[in-house]
Amino acid sequence: MKIRHPDLSDSPENRQHQAIGLPPLDTAIGSERRLWQSKRLAGLTLLIAMAISAYIAQHLLQGQSAVLSNQLLLAAQQVISSPQFWLAVAVGFTAQAIDGALGMAYGISSNTFLIGVGASPAAASAAVHVAEVFTTGFSGLSHLKFGNVDKALFRRLVIPGVIGGVAGAYLLTSIDGHLIKPYIAAYLLLMGLYILRKAWLATHPKPHSSEIKHVSPLALLGGFVDAVGGGGWGPVVTSTLVGRGNDPRKTIGTVNAAEFFIAFSTAGAFLLWAEMEHWLLVAGLIVGGLFAAPFAAWLCHKLNARTLLWLVGTLISLLSAFNLYIAVR
C-alpha cells in the first residue's frame, strides 16, 4: 500500500470529493506518474528479498540443514511460482488504485478480494493490517508535520481504537473461519452499499462544531469492525466525525494518524494469536500497490469521483454478495 500525502488545495477534484464526503486526493498522483518505474522496481526487488528471507528464516528455525544457496533458490522459486502471491499482487494493485483514486476503501477492497480468492477472514485481515503497518506511520507523521492533527482528538481516538482492534482480532482468531465468514461477507456487503449511498446522495457539510461528542465509543466500534472486517476504520470514523460538522482537514489528519496504532496493535494481535503463514499475501499486497499509482492517476483523469464511487461500490457489493452466497449455501 502506498503512503498517502493528502493534497489540501482548493482544486476542482478536491471540491468534487468534498461535495460527496471523500478525503482529498493524494499529492503523489501526478509526480508518481513520472517516477513510478524506478521506485517500484526497487520496491519489488526489496519485497521479494524480504519474502525470501522470511521463508529461509522460518525453515532455519525449524532445524532444516539444507545448503543456504539451495534454500535461496527454493524460496525464490516458491515466491515467483506461487499463485497465491500473484493473486495478492492483483488484489493489492486493484485496491491501491481504488484508494489512490478515491482516498478510501483500501482495507475493504483488499479484504473483499482476498476472501473472494479463498483466504480465511483471519488470514485476509491479518495480511491487510500487516501491510498497512508499513505505511500508516509515515502517513501519520506527514499529517503531523503539516499541522493536520488535533492532539486532543488523537488521544480520544487511539486507546479505544486499539482496544477495539485487539478485541476484533481476538474474536476473529477464536472463531472458526467457516463459521464467521458469512458475517464478514455481510459486513463487507453493507460497506459496499454504504459507498453506493455516497454516490447516490451528495453530502451537505454542516457548520463546524467546536464540541466533539461520543468519540470513544465511535473509535471502539471503528477499531473493532476494522479488525474483524479487514477495513472500515476510515469510512466509519472519518465519515461520522465529518458528518457531525467537524473540520474535515483536522479530522482526516487525526484519524489517519491514529490509524497507525490501530493497524500496529491489530497486526500484533494477529501475529500473537494466529499462525501467520501468509507473508506471501502481505508481500503481494504491497508489490501490487507499488504499481498502482499510474493507474489511479489515469482513473482520476478519465472518471469523476461519483462515477468511481458507483463502480467501486457496485464491485464490492457484488463480490461480497457472491462471497455471502458461497459461505451460506
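Side-chain atoms are counted along with the backbone in the values below, which use heavy atoms only and exclude waters and symmetry mates. In what follows, residues are counted from 1 in the order of the sequence shown.
The main-chain N or O of Lys250 is never found under 3.5 Å from a side-chain atom of Asn148 such that the two would form a donor-acceptor pair. Of the possible polar contacts, one joining the Ser320 side chain to the Ile316 backbone as a donor-acceptor pair under 3.5 Å is found. A donor-acceptor pair under 3.5 Å is absent between the side-chain atoms of Ser265 and the main chain of Val166, judged by distance alone. Counting only distance, with no hydrogens or angles, the side chain of Trp233 and the backbone of Val255 share a donor-acceptor pair below 3.5 Å.
Note that OG1 of Thr112 and CG of Leu319 are 7.0 Å apart. Values are rounded to the nearest 0.5 Å. Here the CZ atom belonging to Arg156 is positioned 10.5 Å from the CG atom belonging to Leu218, to the nearest 0.5 angstrom. In this structure, NE2 in His129 is found 8.5 Å from CG in Asn111, a value given to the nearest 0.5 Å. If you take CD1 on Ile163 and CD1 on Ile262, they are separated by 10.5 Å, rounding to the nearest 0.5 Å. Taking OG1 of Thr254 as the start and CG of Leu153 as the end, the distance is 5.0 Å to the nearest 0.5 Å. Once rounded to the nearest 0.5 Å, the distance linking OG of Ser81 with CH2 of Trp86 reads 10.5 Å.
The shortest non-hydrogen separation linking Ala257 to Val149 is CB-CG2, 4.0 Å. Minimum interatomic distance between Gly229 and Ile184 (heavy atoms only, all atoms of both residues): CA-CG2, 4.3 Å. In terms of heavy-atom proximity, Gly232 sits nearest to Ile108 at N-CG1, 4.0 Å. Across Ala127 and Leu114, no two heavy atoms sit closer than the pair CB-CD1, 4.5 Å. Considering all non-hydrogen atoms of both residues, Gly192 and Ser317 come closest at C-OG, 3.2 Å. Residues Pro182 and Leu324 approach most closely at O-CD1, 3.2 Å, considering heavy atoms.
Hydrophobic clustering (side-chain heavy atoms under 4.5 Å, transitive across Ile, Leu, Val, Met, Phe, Trp, Tyr) groups Leu179 together with Leu172. When the side chains of ILVMFWY residues are joined at heavy-atom separations under 4.5 Å, either directly or via intervening members, Ile175 and Leu188 end up in a single hydrophobic cluster. Hydrophobic clustering (ILVMFWY, side-chain heavy atoms < 4.5 Å, transitive): Ile115 and Leu171 are in one cluster. Linking Ile, Leu, Val, Met, Phe, Trp and Tyr residues whenever their side-chain heavy atoms come within less than 4.5 Å leaves Val225 and Leu220 in two separate clusters. Leu193 and Phe322 fall into different hydrophobic clusters, defined by Ile, Leu, Val, Met, Phe, Trp and Tyr side-chain heavy atoms under 4.5 Å apart, directly or through other members.
For Leu144, the CG atom is densely surrounded, since the number of other residues' heavy atoms within 6.0 Å is greater than 12.
Within the 4.5 Å cutoff, side-chain heavy atoms of Met191 are placed close to those of Pro235. Considering only heavy atoms from C-beta on, Leu281 stays 4.5 Å or farther from Val128 through its side chain. Counting heavy atoms from C-beta outward, Val130 and Phe270 have side chains that stay 4.5 Å or more apart. By the 4.5 Å heavy-atom criterion applied to side chains, Thr314 and Leu196 are counted as neighbours.
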Q | side-chain contact (heavy atoms from CB on, under 4.5 Å) between Glu132 and Tyr106, intermediate numbers included | A | CA-CA 9 Å; Glu132 287 180 332; Tyr106 175 85; 3.7 Å; yes

Q: Take Phe113 and Phe93 through the ring-ring contact (aromatic ring centres under 6.0 Å, His included) test and state the conclusion after the steps.
A: CA-CA 11 Å; Phe113 283 113; Phe93 179 90; over 10 Å; no

Q: May I have the step-by-step check of side-chain contact (heavy atoms from CB on, under 4.5 Å) for Asp226 and Val237, ending in yes or no?
A: CA-CA 10 Å; Asp226 187 79; Val237 179; over 6 Å; no

Q: Might you work through the side-chain contact (heavy atoms from CB on, under 4.5 Å) test for Asn323 and Leu189, ending with a clear yes or no?
A: CA-CA 9 Å; Asn323 292 340; Leu189 175 59; over 6 Å; no

Q) Stepwise, does the side-chain contact (heavy atoms from CB on, under 4.5 Å) test hold for Val228 with Ser125? A) CA-CA 7 Å; Val228 173; Ser125 185; over 6 Å; no

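The aromatic rings of Tyr170 and Trp273 sit perpendicular to each other, their planes meeting at more than 60°, with 30° as the lower class boundary.
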